[in-house]
Amino acid sequence: MIGELNSRIPEGPIEEKWSSHKFDMKLVNPANKRKFEVIVVGTGLAGASAAATLGELGYKVKAFTYHDSPRRAHSIAAQGGINGAKNYQNDGDSVYRLFYDTVKGGDYRSREANVHRLAEVSLNIIDQCVGQGVPFAREYGGLLDNRSFGGAQVSRTFYARGQTGQQLLLGAYSALMRQVGSGSVELHTRTEMLDLIVHDGAARGIVVRDLITGDVRSHTAHAVVLATGGYGNVYYLSTNAMMCNVTAGWRAHRRGALFANPCYTQIHPTCIPASDEFQSKLTLMSESLRNDGRIWVPSGHDEARSVSDIPEDQRYYYLEEKYPSFGNLVPRDVASRNAKTVVDQGLGVGPLKNGVYLDFADAIQRDGEDAIRERYGNLFQMYERITGEDPYKTPMRIYPATHYTMGGLWVDYELMSNVPGLFVVGEANFSDHGANRLGASALMQGLADGYFVLPYTIGNYLAPLLGESPLDESDPACSNVVQGVAERTQKWLSVNGTRTVDWFHRELGKLVWNFIGMERDKNGLEKALSEIPSLREEFEKDVRVLGSADNLNTSLEKVGRVADFFELAELKARDALERAESCGGHFRSESQTPEGEALRDDDNFSHVAAWEWGGTSGSAIRHKEELEFEYVPLTQRSYK
Amino acid sequence: MENTMTLTLKVWRQKGPLENGRFETYEIDQISPDMSFLEMFDVLNENLINNGEEPVEIASDCREGICGTCGCMINGKAHGPEKATATCQLHMRKFKDGDTIIVEPWQATSFPIIKDLVVDRSPLDRIIESGGFITVPTGSAPDANLIPVPKDAADSAFDAAACIGCGACVAACPNSAAQLFTSAKVQHLNLLPQGQAERWSRTEEMVEKMEEYFGSCTNHGECHEACPKEIPLDFIAYTNRDYVKSKRKNRNLLGQG
């Protein structure tokens with residue numbers, strides 16, 4: 001049983017908490033750092049930056065990725081940019097304003113102390129990345145350019161064309177490879193973590209499967225860091241990469257780590273709508289497009305005319321009409337829900353009537369086609385490749401899709417889970433974005449955790465362990481877990497059912513999208529809670545995985561991930577059901593303002609819900625961490 | 001809906017690095033022109049599993065043309081017929097009903113086949129490890145605006161940095177050379193003021209590491225034609241220049257020049 005959740009937030013005024021805590025934490029002497037071994041799972045922005053920095057500090061690091069190279073993690077696909085409160089544009093930005101905007105944007109469901117620290121270190125991140133050679137956009141004078149992003153009222157976003165995530169990841173990857181070359185980081189590629197070793201109440205190591213040879217073995221260390229990303233692929237269709245999964249985090253959850261706020265999912269408003277049943281993933285179009293594109297649908301049902309024949313007075317610019325001051329730049333959750341509303345009303349566009357228009361005609365007329373090409377050329381080209389339509393001539397069709405998950409493993413202020421020695425960084429933890437993440441903040445959080453937070457806080461945990469050795473890999477605490485993983489893997493090959501893994505994943509995805517998607521209600525969530533377990537039973541009896549476990553077998557990798565998605569989906573529905581308020585990306589139709597906006601219930605739900613694994617279906621235990629707002633007054637968000 | 005297509009696929013199947021491979025022929029129908037090439041393979045694999053046959057191993061991840069995981073030879077061309085397009089961004093509207101499509105893995109001695117269409121590209125990581133970085137330990141960077149970077153240099157560095165590390169350049173080269181990949185990585189850093197301190201050692205280390213694994217460049221330019229990011233050949237020339245200079249400069253730095 002878990003006792004009281006202690007978030008270990010330092011005392012003192014908010015702007016001094018992090019600096020005073022850095023002083024209060026125990027240090028590991030430079031000569032002793034090599035005596036400590038640390039495992040880092042995942043090599044995206046958070047994992048690569050953490051492994052590189054820990055290696056530089058002198059720790060013995062083992063880094064794991066299931067990719068063939070650390071450079072492939074899905075951080076690479078982030079397009080828009082990274083926030084940093086540099087105020088280079090002299091437009092009134094500050095650490096405090098970034099902090100304030102992030103708490104408000106998260107709809108008051110994040111920890112003030114964490115968010116302030118994030119805003120503080122945002123300054124160091126930009127310096128670090130530029131030092132590594134990240135080619136951010138520049139002005140003619142050679143200084144850095146910024147843009148306003150995702151509804152921010154200041155220009156604080158640094159960007160590298162539409163490929164900011166790629167460039168930041170290549171920076172972190174180069175830092176990591178420098179450490180691999182110098183021998184301080186041991187890199188294991190094509191190796192997937194399939195369980196956590198917990199012994200005497202602390203995390204001692206992991207069990208992994210070599211994806212080429214199928215060998216299952218353990219690795220032990222003084223601490224384990226999970227940087228394994230989000231769980232958006234529980235929806236099957238999302239903007240995540242094909243391999244993104246919840247398995248590492250979920251296995252840790254089953255070993256005792258609390259899973260916080262699984263119902264919080266960000267649905268990104270500007271993605272390309274699905275074209276048919278075989279669609280394998282959805283592609284995001286950077287929301288920077290909303291700076292110049294106007295969103296509309298035809299105001300009449302069954303509109304059959306071509307776009308250019310629809311007169312201006314029969315176009316419904318629903319965001320501009322409903323939110324005159326923010327217009328097309330309202331936050332992501334608001335933009336997404338409004339798109340769903342008009343499509344549900346039957347006003348959708350495209351062959352499947354499953355999209356809305358994002359129209360650049362006015363911008364092209366105002367600024368010229370060249371100016372638009374300069375700003376969005378690569379995005380327009382990507383759209384044309386996927387749809388076969390030219391967005392310079394005809395409006396883009398867009399629709400919301402699952403993009404980012406704000407929930408994740410519960411961590412304290414030091415990014416440690418409730419299992420001592422298990423740290424969680426980046427999207428895999430729940431900590432900084434509350435119920436809705438602002439644009440250009442995911443890259444910031446991943447790098448903040450990896451470069452500037454974890455490398456300090458992990459020392460505070462390790463220092464007292466000086467002289468202790470990691471668990472011996474022949475210890476039964478390791479070999480039992482290894483055996484369990486090997487048996488579980490083998491089990492899938494003997495089911496010999498009739499349907500593919502993808503078939504079950506698609507069916508699960510439909511349930512999750514329909515009942516725990518952009519809008520949730522009690523009836524739907526209860527239905528999800530009865531249908532998900534029965535589909536899971538069918539999956540366990542009827543899935544077909546061919547081949548063997550002793551070589552590359554992608555279906556075998558997938559089946560274990562989908563099994564974990566089934567369990568997560570059920571917890572997600574329970575979390576959404578218990579949280580009877582609306583907040584950020586979690587919209588309960590029973591809880592809305594007269595204008596149809598998300599209505600929070602601060603008296604009853606101003607807390608983090610952290611779930612303890614309960615063993616069987618439906619028996620997870622809900623714990624609460626109360627949230628206190630001393631600096632940002634709780635208000636109803638308004639973008640009118 | 002437009003009409004669907006029926007296609008014949010000739011796909012390379014190989015159980016492991018040391019096994020003999022062979023082409024297998026598969027008929028596939030009901031393919032929509034709006035599907036991506038990899039979604040067509042998803043359908044093929046579902047059909048194979050439903051028929052009790054092992055699916056084809058084909059790598060992909062982001063399916064947005066940025067992670068560099070995917071890549072195979074499609075009708076003899078690295079990443080297939082569409083210029084500047086990774087395999088995952090290739091769509092079936094580029095093919096016609098009744099077409100036969102030949103699909104093979106990257107072919108280069110330095111990229112051994114793991115299974116079917118999946119190869120081992122880890123020598124590319126070894127090149128980065130040898131010098132593809134700027135030594136700036138976390139926390140030691142000066143303010144980001146301290147060193148102005150001329151816009152042209154920043155833009156050119158970006159053009160090089162856009163490389164996704166897919167290996168198509170090696171697969172397309174008759175010599176299996178990795179000059180385009182290596183020079184993109186070298187020049188991304190050599191073009192920037194931050195990269196100057198290690199410019200000559202980086203160039204020497206990376207070029208020589210590349211030569212341990214890959215063939216030599218004879219200026220065919222096939223790499224550029226195959227590159228999904230259209231990395232310019234100019235970077236190879238810049239790197240050749242830097243490599244020659246590095247031999248002298250690195251000695252000068254040691255006081256021997």
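Per chain, numbering begins at 1; letters A, B, ... match sequence-line order.
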*asked:* Testing the basics here: between B:Glu46 and A:Asp502, what is the closest heavy-atom pair and its distance to 0.1 Å?
replied: OE2-CB, 3.3 Å

*Between SG of B:Cys88 and NZ of A:Lys281, what distance do you get to the nearest 0.5 Å?*
8.5 Å

*For residues A:Glu139 and B:Lys151, determine if any side-chain heavy atom of one lies less than 4.5 Å from a side-chain heavy atom of the other.*
no

*Could you name each residue pair satisfying ring-ring contact (aromatic ring centres under 6.0 Å, His included) that touches residues 45-69 of chain B, not counting sequence neighbours?*
none

*Scan side-chain atoms only and decide if B:Glu64 and A:Thr283 contain a donor-acceptor pair under the 3.5 Å cut-off.*
no

*asked:* Heavy-atom pairs under 4.5 Å with chain B: which of A:Leu169, A:Leu170, A:Val180 has the most?
replied: A:Val180

*asked:* So, taking the atom named CD in A:Gln279 and the one named OG in B:Ser36, what distance separates them when rounded to the nearest 0.5 Å?
replied: 8.0 Å

_Is B:Asp152 close to chain A through its backbone or its side chain, or both, or neither, when contacts mean heavy atoms under 4.5 Å?_
neither

*Mind listing the closest non-hydrogen atom pair of A:Arg385 and B:Thr85 along with its distance?*
NE-OG1, 3.0 Å

*Check whether any side-chain heavy atom of A:Asn551 lies under 4.5 Å from a side-chain heavy atom of B:Lys15, and answer yes or no.*
no

_Heavy-atom pairs under 4.5 Å with chain B: which of A:Arg499, A:Gln381, A:Arg506 has the most?_
A:Arg506

*Which of residues 158-165 of chain A get closer than 4.5 angstrom to chain B, counting heavy atoms alone?*
A:Ala160, A:Arg161, A:Gln163

*Heavy-atom pairs under 4.5 Å with chain B, option from A:Val134, A:Asp127, A:Ile76, A:Asp68 with the top count*: A:Asp127

*Taking B:Lys115, B:Glu54, B:Glu57 one by one, which has the highest count of heavy-atom pairs under 4.5 Å against chain A?*
B:Glu57

_Does this structure show an ion pair linking A:Arg71 with B:Asp125, if we count only N-O contacts that are shorter than 4.0 Å?_
no

*Would you name the heavy atoms of B:Asn50 and A:Arg544 that are closest together and state the gap between them?*
O-NH1, 3.0 Å

*If you tally heavy-atom pairs under 4.5 Å against chain B, which of A:Thr239, A:Ile386, A:Leu187 wins?*
A:Ile386

*asked:* Among B:Val43, B:Asp42, B:Leu38, which residue has the highest count of heavy-atom pairs closer than 4.5 Å to chain A?
replied: B:Val43

*Check whether B:Ala160 gets within reach of chain A through its side chain, its backbone, both or neither, counting any heavy atom under 4.5 Å.*
neither

_Option in B:Asp61, B:Ile66, B:Asn45 with maximal non-hydrogen atom pairs under 4.5 Å from chain A_ = B:Asp61

_Nearest heavy-atom neighbours spanning A:Gln166 and B:Ile164_ = NE2-CG2, 3.8 Å

*May I ask you to name which of A:Ser182, A:Gly141, A:Ala77 has the most heavy-atom pairs under 4.5 Å with chain B?*
A:Ala77

*Return the option, out of B:Ile49, B:Asn145, B:Ile134, B:Val136, with the maximum number of heavy-atom pairs under 4.5 Å with chain A.*
B:Asn145

*Search all heavy atoms of A:Arg138 against all heavy atoms of B:Ala154 and return the closest pair with its distance.*
CD-CB, 3.9 Å

*Would you check if B:Glu53 and A:Leu546 make a side-chain contact, meaning some heavy-atom pair closer than 4.5 Å?*
no

*Could you check if a side-chain atom of A:Ser555 sits within less than 4.5 angstrom of a side-chain atom of B:Pro55, using non-hydrogen atoms only?*
yes

*Atom SG of B:Cys62 and atom CZ of A:Arg72: how far apart are they, to the nearest 0.5 Å?*
10.0 Å

_From B:Phe133 atom CZ to A:Tyr173 atom OH, the distance as rounded to the nearest 0.5 Å_ = 11.5 Å

_Closest approach of A:Ser174 to B:Gly132 (non-hydrogen atoms, all atoms of both residues)_ = CB-O, 3.3 Å

*Just checking, any donor-acceptor pair under 3.5 angstrom between side chains of A:Tyr88 and B:Asp143?*
yes

*Would you mind telling me which of B:Ser122, B:Ala161, B:Ala59 has the largest number of heavy-atom pairs within less than 4.5 Å of chain A?*
B:Ala161

*Indicate yes or no: at least one non-hydrogen side-chain atom of A:Ser69 is less than 4.5 angstrom from one of B:Arg121.*
no

*Which distance, rounded to the nearest 0.5 Å, do you find between the CG of A:Leu552 and the CG of B:Asp116?*
8.0 Å

_Salt bridge present between B:Glu198 and A:Arg178 (N-O < 4.0 angstrom)_ = no

*Of the listed residues (B:Ile114, B:Leu192, B:Leu90), which shares the most heavy-atom pairs with chain A below a 4.5 Å separation?*
B:Ile114

